[in-house]
Amino acid sequence: MSSSASAASSQAATNNLEAFWMPYTANRQFKQNPRMFVGAKDMHYTTADGRQVLDGTAGLWCCNAGHGRPKIVEAVQNQVAEMDYAPAFQMGHPKAFELAARLTAMMPSPLDHVFFTNSGSESVDTALKIALGYQRSIGQGTRTRFIGRERGYHGTGFGGISVGGIVANRKQFGNMLNGVDHLPHTHDLSRNAFSRGEPKNGAEYAEELIRLVQLHDASTIAAVIVEPVAGSTGVLIPPVGYLKRLREICDQNGILLIFDEVITGFGRLGTPFAVDYFDVIPDMVTTAKGITSGVIPMGAVFCAKKIYDAFMDGPDHLIELFHGYTYSGHPIACAAALATLDTYEEEGLLTRAASLAQYWEDGLHSLKDCPNVIDIRNLGLIGAIELTPIDGAPTKRAFSAFLKAYDDGILIRTTGDIIALSPPLIISEAQIDELFGKLRTVLNAID
Ligand code: PXG
C-alpha cells in the first residue's frame, strides 16, 4: 500500500461517516461497509486499502478521457492560479467565449448557441425554461406543457423529475410541475431481447406522441424531451427510426425537441454527440459530464439559432433571459473543458468508441449464458446486462453483483436489476477482456 493510501485509509477509519448524507446511496449499508476511492489514474481507481479497480463506468458516465489526464490537470492548476473567478452576470472572461465557439463548432447547424450551467440537472431545467420563454416570445404563450417519457432520467431538479419517468425519483416529491405528460418507454424484451445495437422493433412507440397531441392539442405543448439513449434507467437503446419519427411529429406540430445528451454527449456512442449518431437534429441539446471529463462540474445547453434570436429583441440594455447561475461558465470549468476538448481531439476519443464498438459488443454478448441473464444490449461504448430479479427482493441481485465486482477489482453501475457499463473512452481491448472476464466470475458467483 502506498503511504498516501494508508494515510487515507486510517483517516477513513477514524472519521465519523455519519454527517455526510450521501446522494443516491444506501447510506446505512455504505456506512457499515464503506467503499472509498483515494486516487485515480487513466483507467483505474485506487481504493483506500490500496487496491486497483478498473473503471467500467467512467466514474458516473463522465470521465470520458479517463482519469488524471495531464493536460486537463495542468489547465485547471494554471487557471486557478491565474484567475479563480469572474462574475458571470454582466461580465465575461475570454475562455467562456472560446469554449462556446469551440463547442458550437462541434454541433451541426443550427445549434449554434450555448448556455452554461454546472450540471446535467441544471442543463435540463435551463432547457425547459428556455423552451417556455421561446414559445412565449414567438406569440405561442399557450404552449406550456412538456412531454417526457416513462423511464426517462433528466436529473433531480423539479423540472427534471417532472419530465423524468423513473417512479422512485418522483414518488417522494408530490405533484411537481403540472402540465406534464409522458410518452411510453421503448423497452420491449418480448420482441427485442439480446438485440445488438439499435433494436429493430418499436419505432411505432413514437406515434404515441400523436395521441398526446390529440389529447392535449398542439397549442398547449412547448417541448418534448428525451434521452436519445436512456442511461440511468438501465440503458434503453432507441428502436431503429424512432428518434427520426419524433422529430417529424414535433416539426408538424410546432413542438420543440430537446435531446438530453448528458451521457451520450462527448463520444459515448462513437460520434461526438448522439445528434450525429442518429442524424436527427433537435432544437436544444442538454449536456454536462463529459464536457470536462468529470474533472470540474459543468453543463451546457446547445440552442438552435431561431431560439436565441427570438429572445434578442426589445431595448439593447435589457436582460433578454432572466436565468443563469453564479457559476455559469466558471473560469476553471472552462479551462478544464478546453483542455478536455484538446485531449479528445489529440487522441481521437470522440470517435474512438466506433472502432471499439464491435469488440465491446462481442465481449458483452458473450455473457449471455451466465445465470439469470434475461437481456444484454449495447451501443457505442455503452452496455447493459439485465438480470431476473430475486423473488420479493428486486434490485438485490444486481446490487450483490456490484459489491462482488468491487471486491474483484471492477467498477460497475447498477440500477434496478440492470448492470450498466460505460468505461472511459481510452479503454484498451485487453481491459475490455478483463472487465468481461471478471464480470463472468461475478455473475457466476452471486445468487
Ligand atoms: N440527464 C441525464 C440524461 C442524465 O443521465 C442528468 C440529466 C443529471 O445530471 P447531474 O449532473 O445533475 O447529475 C443525468 C445524470 C447512472 C447515473 O449511473 C446517471 C446520472 C447521474 C448519476 C448516475 O445511471 N445521470
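As the structure lists them, so they are numbered: ligands from 1, and atoms in each ligand from 1. None of the values given here were measured: they were computed from a predicted structure.
Ligand 1 is surrounded by Leu60, Trp61, Ser119, Gly120, Ser121, Tyr153, His154, Gly155, Glu227, Ser232, Asp260, Val262, Ile263, Lys289, Arg413, each with at least one heavy atom closer than 4.0 Å.
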Would you mind writing out the side-chain donor-acceptor pairs for residues 410-423 within the sub-3.5 Å range, not counting sequence neighbours?
| from | atom 1 | to | atom 2 | distance (Å) |
| --- | --- | --- | --- | --- |
| Thr415 | OG1 | Ser232 | O | 3.0 |
| Asp417 | OD1 | Ala398 | N | 3.2 |
| Asp417 | OD2 | Thr395 | N | 2.7 |
| Ser422 | OG | Thr57 | O | 3.2 |

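Partner Pro282 forms a side chain to side chain contact (heavy atoms under 4.5 Å, CB included) with one of Val275, Ile225, Ile258, Leu243 and no other, that one being Val275.
Atom NZ in Lys368 sits 13.0 Å away from atom CD1 in Ile385 (nearest 0.5 Å).
With sequence neighbours left out, the salt bridge (charged side-chain N to carboxylate O under 4.0 Å, His left out) criterion links Arg440 to Asp369. Evaluation of the side chain to side chain donor-acceptor pair (under 3.5 Å) rule for Glu386 yields His187, Arg377 as partners, not counting sequence neighbours.
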Worked check of side-chain hydrogen bond (donor to acceptor under 3.5 Å, both in side chains) between Thr46 and Gln52: CA-CA 5 Å; Thr46 306; Gln52 292 292 294; 3.0 Å; yes
